[in-house]
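Quick note on labels: first sequence line is chain A, next is B, and so on, each numbered from 1.
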There are 2 protein chains.
Amino acid sequence: MKYSRQRELVLETVRSRPIHPTADDVFAILRKTEPNISLGTVYRNLNFLSDAGLIRKVLVPNASDRFDGTVVEHHHMLCTQCGEVFDLAHDLAEEFSQEILLKTGFEMNHCGLMLLGKCVSCREKECRPASTVKQPIE
Amino acid sequence: MKYSRQRELVLETVRSRPIHPTADDVFAILRKTEPNISLGTVYRNLNFLSDAGLIRKVLVPNASDRFDGTVVEHHHMLCTQCGEVFDLAHDLAEEFSQEILLKTGFEMNHCGLMLLGKCVSCREKECRPASTVKQPIE
DNA sequence: CTACCTGCAAAAGGTTTGCATAGCC
DNA sequence: GGCTATGCAAACCTTTTGCAGGTAG
């Protein structure tokens, strides 16, 4: 792989942010210190780096793709209320993916699971009677 | 709801096709018999009908949204090889969604599960030694 | 009659690509 | 020096929207 300053910056930006930044986030962050970097270059490098396995592209339905510096196998949960993306540890889905394979023949990809739903803090913000709100177990 | 010929045709087209057609699929199908129908109208009606709960919009990462005439709760599996979308019965995911809620506090939406992976027929097409190919259990 | 719907075409949002120039090895 | 990356802008693809005219109730 050929070195370029921009590629290194893109990689470092994704790796150092746990927020699953979009291409546009990365672009905005880098623009601050690298005023000439172009959006095209950011996209090219994000795709290059995820093809090379150094980062991961997280496909988000109905929104911009996001990029993830964590390359160990894990899955994602998208809160359809606030738009945040959360990680889901692989072992929480392992049994499920085995069951799906056995029962349907469908073989889940590594990082192939996207859950749409409502995250803890969005659920807590809703004014439901406290008794019906299940507390998450961390 | 106000009647229109186009709306009825769109609804009927989605309901009668198990292929989870995209807006463009619906448009192409209807164009054959309704040469003046416009893509904008197809989109407007698909959105209207899914807002009204008569069909469902299936958000597909990295590809056009698809529409589903089956409105009972179920989930989807996208084959990242052939691009087909398959239904996944809700009861196969029920236990999993309970577990996720308890362990992470994330509350899955109805129809909120998208599995990316490889479908049975794509797996069978690959030239692996037969012994390593797990047969699906239907 | 009025509200809502249509067809058309333009706009919008996200992503990719062509081209000439610049930078790594 | 050659190959690849960059910046810029235009192109692309899917979806939405504004508008003027048409249709259901």
Side-chain angles (χ1 to χ4, degrees), chain A residues 1-14 19-52 54-68 76 78 80 83-85 114, chain B residues 1-14 19-52 54-68 76 78 80 83-85 114:
Chain A
M1 174 183 329
K2 199 164 184 171
Y3 172 87
S4 92
R5 168 171 187 70
Q6 291 88 336
R7 181 166 297 163
E8 173 153 16
L9 288 170
V10 167
L11 176 57
E12 199 214 323
T13 302
V14 174
I19 59 161
H20 305 89
T22 63
D24 212 65
D25 292 336
V26 173
F27 179 61
I29 290 165
L30 290 183
R31 259 287 156 115
K32 291 179 195 161
T33 57
E34 206 74 7
N36 288 323
I37 200 169
S38 79
L39 186 55
T41 295
V42 170
Y43 270 105
R44 266 186 292 233
N45 278 315
L46 288 169
N47 285 330
F48 180 95
L49 292 167
S50 67
D51 288 348
L54 295 175
I55 63 175
R56 256 188 224 294
K57 187 189 266 200
V58 183
L59 303 172
V60 180
N62 234 20
S64 292
D65 294 338
R66 286 154 171 272
F67 295 86
D68 191 337
H76 293 99
L78 168 69
T80 49
E84 285 289 312
V85 171
M114 173 62 83
Chain B
M1 175 180 335
K2 201 162 184 171
Y3 173 86
S4 92
R5 171 171 185 69
Q6 291 88 334
R7 180 165 297 165
E8 172 151 19
L9 288 169
V10 168
L11 176 57
E12 198 214 323
T13 302
V14 173
I19 59 161
H20 303 89
T22 63
D24 211 65
D25 292 337
V26 173
F27 178 61
I29 290 165
L30 291 182
R31 258 285 155 113
K32 291 178 193 160
T33 56
E34 205 75 6
N36 288 325
I37 199 168
S38 79
L39 185 55
T41 295
V42 170
Y43 270 104
R44 266 185 291 234
N45 278 315
L46 288 170
N47 285 331
F48 179 95
L49 291 167
S50 66
D51 287 349
L54 295 174
I55 63 175
R56 254 189 225 291
K57 185 189 266 200
V58 183
L59 303 172
V60 180
N62 236 21
S64 291
D65 294 337
R66 286 151 170 276
F67 294 86
D68 190 340
H76 293 99
L78 167 70
T80 49
E84 285 289 313
V85 171
M114 174 62 83

Beyond-backbone contact of B:L59 with B:M114, side-chain heavy atoms, under 4.5 angstrom = no
Can you tell me if CD on B:E34 sees more than 12 non-hydrogen neighbours from other groups inside 6.0 Å?
-> yes
Choose from C:dT6, D:dT4, D:dT23 the nucleotide whose nearest atom is closest to any side-chain atom of B:R7.
-> C:dT6
Hey, are the side chains of B:V14 and B:L49 touching, using non-hydrogen atoms and a 4.5 Å cut-off?
-> no
Counting only side-chain N and O atoms of A:S4, is one of them less than 4.0 Å from OP1 or OP2 of D:dT6?
-> yes
5' priority, DNA chain D, between A:V42 and B:R66 [closest heavy atom] | A:V42
To the nearest angstrom, how far is A:L49 atom CG from D:dT4 atom P?
-> 17 Å
For A:F27 and D:dT6, give me the distance from atom CZ to atom C1', rounded to whole Å.
-> 13 Å
Here the distance between atom C1' of C:dC5 and atom CG of B:L9, to the nearest Å, is 14 Å
For B:F27 against B:L39, the heavy-atom pair lying closest together | CE1-N, 3.3 Å
Does A:Q6 place a side-chain N or O at less than 4.0 Å from the phosphate oxygens OP1/OP2 of D:dG7?
-> yes
If we fit an axis to the first five pairs and another to the last five of the helix from C:dC1-D:dG25 to C:dC25-D:dG1, what angle do they make, to the nearest 10°?
-> 30°
In whole angstroms, how far is the P atom of C:dC5 from the CE atom of B:M1?
-> 9 Å
Taking every heavy atom of B:L78 against every heavy atom of B:G83, the minimum-distance pair comes out as CD1-O, 3.6 Å
B/S/- contact track for nucleotides 8-15 of chain C, protein heavy atom under 4.0 Å = B-----SB
Between A:D65 and A:V60 the two heavy atoms that sit nearest each other are OD1-N, 3.8 Å
For A:D68 and A:H76, work out which heavy atoms get closest and say how close.
-> OD2-NE2, 2.9 Å
Whole-Å gap separating P (D:dT6) and OH (A:Y3) | 11 Å
What one should report as the nearest heavy-atom pair of B:R66 and B:I19 is NH1-O, 3.2 Å
Whole angstrom is fine here: how far is it from CG in A:N62 over to P in D:dT16?
-> 8 Å
Send over the distance from A:N45 CG to C:dC24 P, rounded to a whole Å.
-> 13 Å
With distance as the sole test, does B:R44 use its side chain to make a donor-acceptor pair with the main-chain N or O of B:R7 at under 3.5 Å?
-> no
Can you find a donor-acceptor pair, distance only, under 3.5 Å between A:K2 side chain and C:dC25 base?
-> no
